[in-house]
Amino acid sequence: MNKATKRVQMEMPEAAFERLAWLKDKTEAASYAEVTKNAYRLYAKLITLAESGEELYRKDANGNLTRLELFV
């Protein structure tokens, strides 16, 4: 089965590219495109949760919870 694809070309500041390369290394992704697709999936999930009234929290090493603000 051949899926239709679209090609996207991006320009980004050096710091953003370094972050992308760091994420590729940390996640052992095969490509920058894989990192980007995973980031879009995560962002879409966070937006869906926020729109449904869900909240996201982080727990630090001491067990303290802090609500995370989402960029929606």
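All of these numbers come straight from a predicted model, not from anything done at the bench.
- Residues meeting the side-chain contact (heavy atoms from CB on, under 4.5 Å) test with Glu11, sequence neighbours left out: none.
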Steps toward side-chain contact (heavy atoms from CB on, under 4.5 Å) verdict (Leu56, Leu46): CA-CA 8 Å; Leu56 189 63; Leu46 292 173; 3.6 Å; yes
Side-chain atoms of residues 60-69: list all donor-acceptor pairs with protein atoms under 3.5 Å, sequence neighbours left out, distances to 0.1 Å.
from  : atom 1 : to    : atom 2 : distance (Å)
Asp60 : OD1    : Asn62 : N      : 2.9
Asp60 : OD1    : Gly63 : N      : 3.0
Asp60 : OD1    : Asn64 : N      : 2.9
Asp60 : OD2    : Asn64 : ND2    : 3.3
Arg67 : NE     : Glu55 : OE2    : 3.4
Arg67 : NH1    : Glu69 : OE2    : 2.9

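- Under the 4.5 Å side-chain contact rule for hydrophobic residues, Leu23 and Val8 share a cluster.
- The stretch residues 20-40 participates, sequence neighbours left out, in these side chain to side chain donor-acceptor pair (under 3.5 Å) pairs: Asn38-Arg41.
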